[in-house]
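By convention here, the first residue in the shown sequence is residue 1. A quick note: this is a predicted structure, and the numbers were derived from the prediction, not measured.
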Amino acid sequence: FTEASDAFYNGGGPGWMLPQLRALVDGLTTTPDLVLLGVDQMWFNDHYAGDPAAFGYADEPTDFANVFLVNRSFTQTILDGEAIDLAAMLERREPGAGGLALGFRAIRDGHGFRNDGSEQYGDFLIAGWLWPPAERQRHLDWLRAGAEMYAPNDTVSAEGLRDLAALLAALADRGSHVIGFLTPLMPTIHDQLMADARHSYLHAVPGAVAPLFAEHGFPFHDFTDAAVVGGVDEDFFDGWHGSERMAAYVYLALLAAHPDLLGGYSDAERLRAQTDSAADTFWVFSSPP
């Protein structure tokens with residue numbers, strides 16, 4: 001944001017939970033003109049601690065803590081006896097697209113963050129450690145068990161709403177315009193959640209969140225059901241992480257709704273053609289290795 005103030009940047013990595021998003025915004029030395037804010041439904045479930053809490057993240061982790069946390073899985077494999085390909089490490093080549101890779105996992109697995117801040121799931125796409133059908137089934141199993149991000153709740157988190165309201169006020173004070181949207185869930189997950197009385201808080205989230213955006217004149221959209229923008233189960237890595245095609249579907253819907261805000265950045269016809277013609281939902285903007 002600071003060094004290329006005219007560029008687009010994906011802040012989903014450093015802004016995983018609402019307190020981290022607020023820390024990210026407060027730390028900016030430049031002000032984004034336009035913010036596309038994906039709102040996760042689970043931010044409003046007090047019974048879900050969140051992955052960052054599970055992995056030991058603080059609201060404002062140090063750089064050292066972040067480096068340690070993202071590299072510890074690689075370090076663990078070394079301690080377990082995996083051999084290091086020193087020549088490959090020194091070559092620093094990403095095994096997918098073949099560009100420069102910085103970091104152990106990026107070199108070995110092609111897993112990491114691209115220059116625009118978006119995450120490349122090398123675990124799935126290149127290294128083959130994980131298989132999307134199995135991950136989608138894992139999330140369905142968690143849902144039935146009421147585990148992880150599918151912890152039952154019937155009340156929208158008051159703390160989550162306060163944090164979101166404060167974040168939107170901070171962005172408005174800085175002069176940013178925000179387009180908000182509830183992020184899509186895998187359609188089968190969505191349907192089962194909405195039919196399950198244990199998760200009734202989800203029915204109330206859109207109505208509780210929308211007024212917080214309206215207070216500042218910010219538009220807000222509900223894409224909880226991926227099917228509303230054309231998504232299917234196979235467009236997801238798991239229950240709530242979509243593919244490149246899924247992300248493109250969401251953006252195309254926003255572009256159609258707000259041509260005055262987004263039309264100057266995007267060629268809708270070209271983007272739609274590229275998205276629809278992609279042979280693989282996970283590889284819309286590049287080719288599989």
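Using a 4.0 Å cut-off between charged nitrogen and carboxylate oxygen, Arg108 and Glu94 do not count as a salt-bridge pair. With respect to the salt-bridge test (charged N to carboxylate O, under 4.0 angstrom), the residues Asp141 and Arg144 qualify.
One hydrophobic cluster holds both Leu37 and Tyr265 under the rule that ILVMFWY side chains link at heavy-atom gaps under 4.5 Å. Residues Phe220 and Leu34 are members of one and the same hydrophobic cluster, defined by side-chain heavy-atom contacts under 4.5 angstrom among Ile, Leu, Val, Met, Phe, Trp and Tyr. The same ILVMFWY cluster, assembled from side-chain heavy atoms under 4.5 Å apart, contains both Met42 and Val156. Hydrophobic clustering (ILVMFWY, side-chain heavy atoms < 4.5 Å, transitive): Phe124 and Val284 are in distinct clusters. No path of Ile, Leu, Val, Met, Phe, Trp and Tyr side chains, each step under 4.5 Å between heavy atoms, connects Phe113 with Ile126, placing them in separate hydrophobic clusters.
A side-chain donor-acceptor contact under 3.5 Å links Ser243 to the backbone of Thr281. In this structure a side-chain-to-backbone donor-acceptor pair under 3.5 Å is present from His203 to Met194. In this structure, the side chain of Asp85 engages the main chain of Ala88 through a donor-acceptor pair within 3.5 Å. Between the side chain of Gln41 and the main chain of Thr183, a donor-acceptor pair closer than 3.5 Å is present. The main-chain N or O of Ala106 is never found under 3.5 Å from a side-chain atom of Asp109 such that the two would form a donor-acceptor pair. Within the 3.5 Å criterion, the main-chain N or O of Leu271 finds a donor-acceptor partner in the side chain of Thr275. Of the possible donor and acceptor atoms, one in the side chain of Ser176 sits under 3.5 Å from a partner among the backbone N and O of Pro32. Here the side chain of Arg22 pairs no donor or acceptor atom with the backbone of Asp163 at under 3.5 angstrom. Remark: side-chain polar atoms of Arg93 are paired, donor with acceptor, to backbone N or O of Gly98 under 3.5 angstrom. In terms of modelled atom types and a separation under 3.5 Å, the side chain of Arg174 and the main chain of Val25 share a donor-acceptor contact.
With Tyr150 as the fixed residue, the side-chain hydrogen bond (donor to acceptor under 3.5 Å, both in side chains) test singles out one of Arg198, His139, His199, Gln192: His139.
Residue Leu143 holds its CG atom at 6.5 Å from CG of Asp196, rounded to the nearest 0.5 Å. Separating the CG atom in Leu182 from the CG atom in Asp40 is a distance of 9.0 Å, to the nearest 0.5 Å. Rounding to the nearest 0.5 Å gives a distance of 11.5 Å between CG of Asp225 and CE of Met186. Note that CG of Leu185 is 11.0 Å distant from CG of Asp233, once rounded to the nearest 0.5 Å. Here the straight-line distance linking atom CG of Asp222 with atom CZ of Phe181 works out to 11.5 Å at 0.5 Å rounding. Atom-to-atom distance recorded for Leu21:CG and Leu164:CG is 9.5 Å, nearest 0.5 angstrom.
For CG of Asp173, the number of neighbouring non-hydrogen atoms (other residues, nucleotides, ligands) closer than 6.0 Å is greater than 12. More than 12 heavy-atom neighbours from other residues, nucleotides or ligands sit within 6.0 angstrom of CD on Gln137.
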field: Criterion salt bridge (Lys or Arg N to Asp or Glu O under 4.0 Å) on Arg272 and Glu269, from CA distance to verdict
entry: CA-CA 5 Å; Arg272 171 63 70 180; Glu269 185 176 344; over 6 Å; no

query: Given Phe282 and Phe237, is the ring-ring contact (aromatic ring centres under 6.0 Å, His included) satisfied, shown in steps?
result: CA-CA 9 Å; Phe282 300 117; Phe237 288 107; 4.5 Å; yes

Intermediate values then yes/no, side-chain hydrogen bond (donor to acceptor under 3.5 Å, both in side chains), Asn153 and Asn45: CA-CA 7 Å; Asn153 204 338; Asn45 182 355; 2.8 Å; yes

- prompt: Given the rule in the side-chain contact (heavy atoms from CB on, under 4.5 Å) test, do His177 and Leu261 qualify, once you have shown the distances and angles that lead to the verdict?
  reply: CA-CA 9 Å; His177 191 75; Leu261 296 173; 3.7 Å; yes

message: Apply side-chain contact (heavy atoms from CB on, under 4.5 Å) to residues Leu171 and Thr31 and explain how you reach the verdict.
response: CA-CA 8 Å; Leu171 286 165; Thr31 297; over 6 Å; no

message: Test salt bridge (Lys or Arg N to Asp or Glu O under 4.0 Å) on Arg114 and Glu244; report intermediate values, then the result.
response: CA-CA 13 Å; Arg114 303 182 179 108; Glu244 283 191 343; 3.4 Å; yes

message: Evaluate Phe236 against His241 for ring-ring contact (aromatic ring centres under 6.0 Å, His included), listing each step before the verdict.
response: CA-CA 6 Å; Phe236 285 79; His241 289 108; 9.2 Å; no

task: Determine, step by step, whether Asp123 and Arg105 satisfy the salt bridge (Lys or Arg N to Asp or Glu O under 4.0 Å) criterion, reporting the C-alpha distance in whole Å, the side-chain angles of both residues, the deciding distance to 0.1 Å, and the verdict.
output: CA-CA 9 Å; Asp123 283 350; Arg105 292 196 64 207; 2.6 Å; yes

message: Pair Ser200, Asp154 - check side-chain hydrogen bond (donor to acceptor under 3.5 Å, both in side chains), show working.
response: CA-CA 5 Å; Ser200 57; Asp154 58 5; 5.1 Å; no

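Between Met89 and Ile84, the closest side-chain pair of non-hydrogen atoms falls below 4.5 Å. Side-chain atoms of Val232 and Asp235, non-hydrogen and from C-beta on, do get closer than 4.5 Å to each other. Under the 4.5 Å side-chain criterion, counting only non-hydrogen atoms from C-beta, Met246 is in contact with Val229. Contact check for Phe44 versus Leu161: side-chain heavy atoms found under the 4.5 Å cut-off. The shortest side-chain heavy-atom distance between Pro184 and Thr224 does not fall under the 4.5 Å cut-off. With contacts defined as side-chain heavy-atom distances shorter than 4.5 Å, the pair Val228/Phe223 qualifies. Using a 4.5 Å heavy-atom threshold, the side chains of Leu130 and Asp238 count as separate.
Looking at His221 and His258, their side chains do bring a donor and an acceptor atom within 3.5 Å of each other. A donor atom on one side chain and an acceptor atom on the other are found under 3.5 Å apart for Ser266 and Tyr251.
Ring geometry for His111 against Tyr121 counts as perpendicular: the plane angle is over 60°, on a 0 to 90° scale with 30° as the lower cut.
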